[in-house]
Amino acid sequence: MVRENKKLVKEVSGWLRVFDDGSVDRTWTGPPEVKFMSEPVAPHKEFVNGVATKDVIVDESSGLRVRIYLPEQKPEGHDYTKLPIILHFHGGGFCISQADWYMYYHIYTKLARATNAIVVSVYQRLAPEHRLPAAIDDGYTSLLWLRKLARGEQNEPWLLSYADFSHVFLIGDSSGGNIVHHVAARAGKVDLSPLRLAGGIPIHPGFVRAERSKSELEQPQSPFLTLDMVDKFLGLAIPVGSTKDHPLTCPMGPGAPPLDGLKLPPFLLCIASKDLIIDTEMEYFEAMKKANKDVELLINKGMTHSFYLNKIAVDMDPETASETEVLITRIKEFIKNH
């Protein structure tokens with residue numbers, strides 16, 4: 001029986017509404033002109049602008065899926081070269097968005113072409129229906145699926161034909177950057193061979209503390225990150241009774257496993273100079289350096305949180321377009337060097 005008079009319990013910046021019966025509505029209620037960025041893009045196995053895509057189930061028991069982006073190969077009188085794999089974790093504060101959203105499609109098709117790498121993007125479970133560590137579990141399960149392919153224990157034709165399992169990179173946008181850290185930390189405790197985890201690329205990771213940082217109080221809020229989103233999304237995502245000082249959102253804090261005890265691959269930490277949470281992102285960088293981790297830093301000047309996902313800004317603003325190219329070029333160099 002459908003209950004008629006549900007009561008709204010929580011609403012987040014036009015993105016999400018939670019009701020008293022536990023149901024969640026993710027219908028976009030913000031400006032209609034940006035709705036297209038959250039529209040799903042159907043997979044296409046034929047090459048469109050040099051990239052083909054398909055969705056694959058990686059775990060039959062849970063139904064966990066990934067979207068694969070395969071760049072078109074044009075051998076010139078020689079065999080195809082094997083391609084690096086970029087395992088992608090989408091953002092959305094652990095509460096919204098999907099791997100097939102246009103905002104990811106437009107940038108990850110571009111990244112697949114630019115890096116000549118196969119992107120494997122995970123359809124993570126969302127909070128509040130599935131609180132953390134559910135999304136991290138899904139990311140780790142996807143990495144272990146790649147290991148099964150590398151060992152010949154499962155079959156996925158595109159990856160078995162074209163992928164170089166000795167060059168696997170993790171990448172994540174915003175809260176997906178948190179997943180990069182935690183999946184890499186888990187992976188450091190197991191034997192992935194013959195797969196090799198070659199690097200991690202957290203982009204504008206959602207590393208925060210319970211106490212407001214200076215940048216949270218002073219930096220301008222942007223379409224892709226407001227204080228309302230920081231507080232409410234993470235409040236719906238972290239384990240019940242926790243604060244933002246939880247290790248899942250504050251891996252550099254006293255409650256987290258010491259960074260110097262983690263076995264991590266080389267990292268490229270990408271930050272935007274006008275990000276609301278730049279102070280705690282930089283705190284993570286300094287903590288990684290202090291722990292003698294191999295971590296490089298890219299700061300996109302004058303940019304806000306997840307600027308490169310904003311297709312309107314990338315198309316209309318030359319500075320945003322230029323900084324997006326800087327980001328892609330640096331990621332390409334990092335992958336080439338590792």
Side-chain angles (χ1 to χ4, degrees), residues 1-42 55 57-59 61-67 88-105 121-142 172-179 182 204-206 208 210 221-244 246 248-249 276-277 305-306 309-310:
M1 179 177 172
V2 178
R3 186 175 153 202
E4 287 297 328
N5 299 311
K6 294 192 293 187
K7 192 179 295 183
L8 185 66
V9 175
K10 190 164 286 189
E11 184 167 12
V12 189
S13 299
W15 289 104
L16 173 146
R17 286 148 301 286
V18 181
F19 297 92
D20 60 348
D21 65 351
S23 61
V24 180
D25 178 11
R26 293 183 173 86
T27 307
W28 172 245
T29 60
E33 62 270 18
V34 302
K35 186 176 186 295
F36 76 95
M37 287 191 284
S38 63
E39 295 285 357
V41 178
D55 291 342
I57 293 176
V58 305
D59 183 56
S61 60
S62 67
L64 178 64
R65 296 180 299 146
V66 297
R67 169 154 294 190
H88 169 242
F89 312 122
H90 67 71
F94 306 108
C95 292
I96 60 166
S97 85
Q98 291 286 354
D100 61 0
W101 275 20
Y102 181 75
M103 71 168 67
Y104 301 115
Y105 178 85
S121 185
V122 183
Y123 286 88
Q124 299 134 216
R125 284 173 293 171
L126 301 176
E129 301 97 322
H130 304 282
R131 285 182 177 260
L132 293 173
I136 295 163
D137 292 343
D138 291 344
Y140 186 59
T141 296
S142 300
D173 320 285
S174 192
S175 56
N178 300 49
I179 300 175
H182 291 289
H204 312 169
V208 292
Q221 301 187 59
S222 71
F224 282 1
L225 194 66
T226 64
L227 290 177
D228 187 54
M229 292 165 72
V230 171
D231 293 343
K232 291 181 180 176
F233 278 155
L234 296 184
L236 291 168
I238 57 179
V240 175
S242 303
T243 72
K244 288 182 289 186
H246 193 284
L248 296 173
T249 44
L276 264 186
I277 55 176
H305 192 83
S306 295
L309 295 178
N310 187 341

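Since the structure is predicted, the reported quantities are computational estimates derived from the model, not experimental observations.
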Derivation of the side-chain contact (heavy atoms from CB on, under 4.5 Å) call for Leu234 and Phe94: CA-CA 7 Å; Leu234 296 184; Phe94 306 108; 3.9 Å; yes
Results of salt bridge (Lys or Arg N to Asp or Glu O under 4.0 Å) for Arg131 - residues two or more places apart only: none
Before we go on, tell me: are the rings of Tyr104 and His88 under 6.0 Å apart, centre to centre? yes
Would you check, one step at a time, whether the test side-chain hydrogen bond (donor to acceptor under 3.5 Å, both in side chains) holds for Asp228 with Thr226? CA-CA 5 Å; Asp228 187 54; Thr226 64; 4.8 Å; no
Which distance, rounded to the nearest 0.5 Å, do you find between the OG of Ser175 and the NE2 of His204? 13.0 Å
Would you compute the distance between atom NZ of Lys232 and atom OG of Ser13 and round it to the nearest 0.5 angstrom? 7.0 Å
Any side-chain heavy-atom pair from Val122 and Leu64 closer than 4.5 angstrom? yes
Separation of Ser97 OG from Leu16 CG (nearest 0.5 Å): 11.5 Å
Of the options Thr29, Val9, Val24, Val12, which is the one that meets Arg17 in a side-chain contact (heavy atoms from CB on, under 4.5 Å)? Thr29
Listed by chain and number, what are the salt bridge (Lys or Arg N to Asp or Glu O under 4.0 Å) partners of Asp231, not counting sequence neighbours? Arg212, Lys244
The side-chain contact (heavy atoms from CB on, under 4.5 Å) partners of Ser242 (sequence neighbours excluded) come to Ile238, Pro239, His246
Verdict with supporting geometry, Leu126 and Arg26, side-chain contact (heavy atoms from CB on, under 4.5 Å): CA-CA 11 Å; Leu126 301 176; Arg26 293 183 173 86; 3.6 Å; yes
Result of checking Gln124, Arg65, Arg125 against Asp138 for side-chain hydrogen bond (donor to acceptor under 3.5 Å, both in side chains): Arg125
Run the numbers on Asn178 and Leu248 for side-chain contact (heavy atoms from CB on, under 4.5 Å), then give the verdict. CA-CA 7 Å; Asn178 300 49; Leu248 296 173; over 6 Å; no
From the list Trp101, Phe224, Trp28, side-chain contact (heavy atoms from CB on, under 4.5 Å) partner of Met37 resolves to Phe224
To the nearest 0.5 angstrom, please state how far the CG atom of Asp173 sits from the CG atom of Leu309. 5.0 Å
When rounded to the nearest 0.5 angstrom, what is the spacing between NE2 in His182 and CG in Leu132? 8.5 Å
Shortest non-hydrogen contact from Tyr102 to Phe36? CB-O, 3.4 Å
Go through it in stages, so that I can follow the logic: the residues are Ser306 and Ser174, the test is side-chain hydrogen bond (donor to acceptor under 3.5 Å, both in side chains), and I'd like the CA-CA distance, side-chain angles, deciding distance and then a yes or no. CA-CA 7 Å; Ser306 295; Ser174 192; 4.7 Å; no
Measuring from Leu227:CG to Gln221:CD, what's the distance to the nearest 0.5 Å? 4.0 Å
Let me see the working for Ile277 and His305 under side-chain contact (heavy atoms from CB on, under 4.5 Å), right down to the final yes or no. CA-CA 8 Å; Ile277 55 176; His305 192 83; 4.2 Å; yes
Heavy-atom side-chain proximity of Leu8 to Phe19 below 4.5 angstrom: yes
Would you say Asp21 and Ser23 are linked by a side-chain donor-acceptor pair, where the criterion is simply a distance under 3.5 Å? yes
Do Val41 and Arg67 have side chains that get closer than 4.5 Å, going by heavy atoms? yes
